[in-house]
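Counting from 1, the numbers follow the sequence of the chain as shown.
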Amino acid sequence: IWYLGIFIAMGFGIVNTTLMAVFERMREFGLLKALGMKPWWIIRDVITESFLLLIVGTFLGNVLGFLTSHALSGGIDLTFMAAGAEFFGMPRVIYPVIATSDVALANAVVIILGLLVSVYPAVRAARFTPVEALARSGIGRLTLVDGDTISISNMNRQLHTLDSTQGQITAGHTFGE
């Protein structure tokens with residue numbers, strides 16, 4: 001039951017992380033769909049990204065676990081809790097032991113569960129229409145503006161502000177006219 005609780009918590013963590021990554025890249029997915037990318041390809045990309053993250057995570061977790069086990073190979077001294085340890089039938093010194101079958105089983109469960117729970121965010125990313133994805137991204141609304149118009153408008157506004165506040169710069173003409 002302890003492992004079940006850990007794996008359920010891990011599943012929620014992966015769903016949350018993957019869903020936030022999908023929402024942060026919603027504009028990208030909308031643009032890709034607008035350019036003709038099929039929804040299945042978006043699902044495949046999100047699941048592939050999740051798979052790569054799961055592989056790297058299990059590798060790093062295994063390395064850290066083995067290093068920790070090696071560092072504690074002299075045993076964990078529990079003499080300060082001698083009465084409590086004896087009550088539960090534990091020895092005063094615990095020696096960590098790693099079984100390769102347990103490591104393989106845990107890695108397999110993590111990868112399979114991780115792939116299963118990343119299907120939901122992948123399907124959510126694939127369901128958005130390009131307009132919805134672009135409208136929901138970043139600023140919360142769809143804004144289509146010509147970049148040159150913005151820069152010319154800002155230059156004119158800055159020249160006008162300098163002219164009216166300092167009196168030293170006069171604009172003989174405005175840019176873009």
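The CG atom of Leu72 sits 10.5 Å away from the CD1 atom of Ile94 when rounded to the nearest 0.5 Å. Leu116 CG to Ile112 CD1: the interatomic distance, rounded to the nearest 0.5 Å, is 7.5 Å. Going from atom CG of Leu19 over to atom OG of Ser118 covers 11.0 Å, rounded to the nearest 0.5 Å.
Across all their heavy atoms, Val22 and Ala125 have their closest contact at CG1-CB, 3.4 Å. Of all the heavy atoms in Ile98 and Ser69, the pair that sits closest is CD1-CB, 3.4 Å. Between Glu132 and Arg127, the shortest heavy-atom contact is OE1-O, 4.4 Å.
Transitive grouping of hydrophobic side chains (ILVMFWY, heavy atoms separated by less than 4.5 Å) brings Trp40 and Ile42 into a common cluster. Residues Val117 and Ile55 are members of one and the same hydrophobic cluster, defined by side-chain heavy-atom contacts under 4.5 angstrom among Ile, Leu, Val, Met, Phe, Trp and Tyr. Taking hydrophobic clusters as Ile, Leu, Val, Met, Phe, Trp and Tyr residues chained together by side-chain heavy-atom distances below 4.5 Å, Phe23 shares a cluster with Val15. By the rule that hydrophobic residues join a cluster once side-chain heavy atoms approach within less than 4.5 Å of another member, Met37 and Leu31 end up as members of separate clusters. Under a hydrophobic clustering in which Ile, Leu, Val, Met, Phe, Trp and Tyr are joined whenever their side-chain heavy atoms come within less than 4.5 Å, directly or via other members, Ile8 and Leu54 fall into different clusters.
No side-chain heavy atom of Thr18 sits less than 4.5 Å from a side-chain heavy atom of Tyr120.
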Under 3.5 Å, side-chain donor or acceptor atoms of residues 99-111 against the rest of the protein: list the pairs with distances, not counting sequence neighbours.
from   : atom 1 : to     : atom 2 : distance (Å)
Asn107 : ND2    : Val103 : O      : 3.3

Please table the atom pairs, donor to acceptor, closer than 3.5 Å between any side-chain atom in residues 44-53 and protein atoms at least two apart or in another chain.
from  : atom 1 : to    : atom 2 : distance (Å)
Thr48 : OG1    : Arg44 : O      : 2.7
Glu49 : OE1    : Arg25 : NH1    : 2.4
Glu49 : OE2    : Arg25 : NH1    : 3.4
Ser50 : OG     : Val46 : O      : 3.1

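Hydrophobic cluster membership of Val56, counting Ile, Leu, Val, Met, Phe, Trp and Tyr whose side-chain heavy atoms lie under 4.5 Å apart directly or via other members: Phe59, Leu60, Val63, Leu67.
When the side-chain hydrogen bond (donor to acceptor under 3.5 Å, both in side chains) test is applied to Tyr95, no partner is found at least two apart in sequence or on another chain.
Pairs of residues two or more places apart, or lying in two chains, never qualify as salt bridge (Lys or Arg N to Asp or Glu O under 4.0 Å) while including a residue from residues 109-122. Contacts classified as side-chain hydrogen bond (donor to acceptor under 3.5 Å, both in side chains) and involving residues 29-38 (residues at least two apart or in different chains) are not found.
With hydrogens and angles disregarded, a donor-acceptor distance shorter than 3.5 Å links the side chain of Asn62 to the backbone of Thr58.
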